[in-house]
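Note on naming: letters A, B, ... go to the chains in the order of the sequence lines (proteins, then strands), and numbering restarts at 1 for each one.
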Amino acid sequence: MRNRAVFAVAAILLLVVAPLVLSPFRLDLLGKYLCYAIVAVGISLAWGRGGMLTLGQGVFFGLGGYAMGMHLKLQDGELPDFMSWSGVEELPLLWKPFANPVFALAMVIVLPVLVATLLGLLVFRQRVRGAYFAVLSQALAAAFVILLIGQQGLTGGTNGLTNFQFFFGLDLYEDADRRILYLVTALVLGASYLSVRQLVRSRYGQLLVAIRDGEDRVRFLGYDPALVKTVAFAVSAGLAGIAGALFVPLVGLLSPANLGIVASLELLVGVAIGGRYSLAGAVAGALLFNYAKTIFSEQWPDGWLYVQGALFVAVMVWAPRGLAGLSHQFRDALSSRRKVEVQA
Amino acid sequence: MGTLNQLVIGASIGAVLLLAALGLTFTFGQMGVINMAHGEFIMAGAYTAYVLQPLAGDQAVLVALPVAFAVGGVLGLILERLIIRRFYGRPLDTLLLTFGISLILQQAARDIFGAPNVQVDAPGWLTGGVDLAGVRIAYNRLFILVLAIGCVVAISLYLSKLRQGRRMRAVMQNRQLAAVSGVATGRVDQATFFIGSGLAGVAGVALTLIGPVGPTFGTAYIVDAFLVVVAGGLGQLKGAVIAAFVLGVLNSFVEFWTANGASFAKVVVFAVIIAFLQVRPQGMFVLKSRALT
């Protein structure tokens, strides 16, 4: 009951209060944070519930984002600007199908899910997990970014994709239209939160947690952990893809810097701060972290890396369950103290 | 001729990878600590050479080798004593923790030495090269290769001949059994961390020979170094050596074969490693153990 009330308050704040109170500039920033929060929902599923520390979430964010960005670039029917700068005169074959809105929208989800499923099946089936998986997912992010930068004529290289005018009929230079875009993002976040919460509470969710805590035992019971984990990983990838697709029109820019190793880790910090075991904590953590990042970058840009680094250390040392787990941790500490007293 | 040339380039990439990965394979293998700050220890080693340059002139690189070993080692020791020691058995958390440390060290380097890259001059006797079967091998590449081989020999001697090294192997193979046999595992962990981080410092000095030094200098090598550890097997000196050179040579050949190759090389290397893990999920060499994996 209390949870429902909190959810309702959050929904009213995001959907009604924020668009009325915030300036267009701040509302855009909030929309950007919401995109990161959608990614956080997925990370919370894969990492918090499934124990898969994915350091390459930026790849899926990028796949969804580039699929959307390519479509938006083609809406005016002309050759994208960066191609003529790098001497490409005809639209590359890879780009042609993205002129179709249905295809582009499908690819926003299909591409990340496909890559995640492939990697998940190959890796989890061989019982590669824990730190090995983390290292591999990070290497994927590194390779993806280098590939994007290298294929200048195809992807816009380091600059990425910029200058979008329209988003499915919305004019991205109009404040009123941007507000609609923001509302869509908030609704997508709500929908992803609710569906992942449903997934977590289902029998599947219990199986996922069981695998996290004792993979071999679950295997001995006759389940296939590789399959279960792959599904969770693919769902988290799909969510990241959707978030990336919304990020592109909201921010008006997608470049390799948004997807690399550091960006992927930043997607994770919010979740760690908010609490990886709690979906709501992950969302709140992502919003808080990115808000703090904006504030610091405006006020004290050189200090931000110190603060961010210190946050990592502090959360891991003092609050491994994150903010959402603080009360839990407190209770544990109290009860263990009581136990000691009893023993004495 | 082309092939031989790529082979030489590949070997020198491999030597760099090996230097960066040597320390990691022990901290990762023995303690299960994923030290993302290892890249920043490499950077610290490189800046050590830069700082020593006004004092030692063009011999800075030679003088810096032992100093950088100590600098990296002490940094690692401080990190281990202050924080990491509380995290044994939580490898994924050490990854995030040490990433935070690495951000702090990067910004510290930026504040101390400035954001632009700096250059360390190579000693005069390392400029130029030798012609071998029509291929020119630069002396600085050769020096890195020799240095990597030297480090490997020194470590394998340490592990087999010295009492401390044998203790290190014991802890790596079975921590609990070593502890009940009277090995002070905590002290061994400190030694391992010191040596592992010190090797990162040495790697940093070597890397100044092939490029400029900057605050984010270490991040470029850390991912590849981790891949070497994963492919070679945890705590396996032999595995790290083979994996480093195979990945180095693979890298240089993919870059050579494909136009615009550099961007594909990493993708190909990644695919090869995933394929390799299908055959040997725990890397090239595995410690035999009856524990359930």
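Taking Leu53(A), Val128(A), Leu122(A) one by one and counting their heavy-atom pairs under 4.5 Å with chain B, the maximum is reached by Leu122(A). Counting heavy-atom pairs closer than 4.5 Å to chain B, the top residue among Ala139(A), Gly51(A), Gly303(A) is Ala139(A). In terms of heavy-atom pairs under 4.5 angstrom with chain A, the leader among Ile83(B), Leu92(B), Val223(B) is Leu92(B). Interface check for chain B: of the options Ile149(A), Leu140(A), Val123(A), the most heavy-atom pairs under 4.5 Å are formed by Leu140(A).
A search for side chain to side chain contact (heavy atoms under 4.5 Å, CB included) contacts involving Val228(A) returns Tyr204(A), Leu207(A), Leu208(A), Ile211(A), not counting sequence neighbours. Remark: Pro92(A) pairs with Met83(A), Val88(A), Trp95(A), Leu154(A) by the side chain to side chain contact (heavy atoms under 4.5 Å, CB included) rule, at least two apart or across chains. Here Arg212(A) pairs with nothing under the salt bridge (Lys or Arg N to Asp or Glu O under 4.0 Å) rule; sequence neighbours left out.
Taking OH of Tyr132(A) as the reference point, atom CG of Leu227(B) lies at 11.5 Å (rounded to 0.5 Å).
With a 4.5 Å cut-off on non-hydrogen atoms, Trp304(A) does not touch chain B at all. At a 4.5 Å heavy-atom cutoff, the contact between Ala134(A) and chain B is made by side-chain atoms alone. For Leu148(A), no part lies under 4.5 angstrom from a heavy atom of chain B.
Closest approach of Pro281(B) to Gln126(A), counting heavy atoms only: CB-O, 3.3 Å. Ile104(B) and Tyr306(A) get closest at one heavy-atom pair: O-CE2, 3.7 Å. Taking all atoms of both residues into account, the shortest heavy-atom contact from Leu305(A) to Arg110(B) is CD1-NH1, 3.2 Å. Contact between Phe270(B) and Leu136(A) at its shortest, heavy atoms only, is CE1-O, 3.2 Å.
Identified by a heavy-atom distance below 4.5 Å to chain B, the contributing residues of residues 307-316 of chain A are Gln308(A), Gly309(A), Ala310(A), Phe312(A), Val313(A), Met316(A), in residue-number order.
Contact annotation: the side chain of Arg86(B) approaches that of Val317(A) to within less than 4.5 Å [non-hydrogen atoms, C-beta and beyond].
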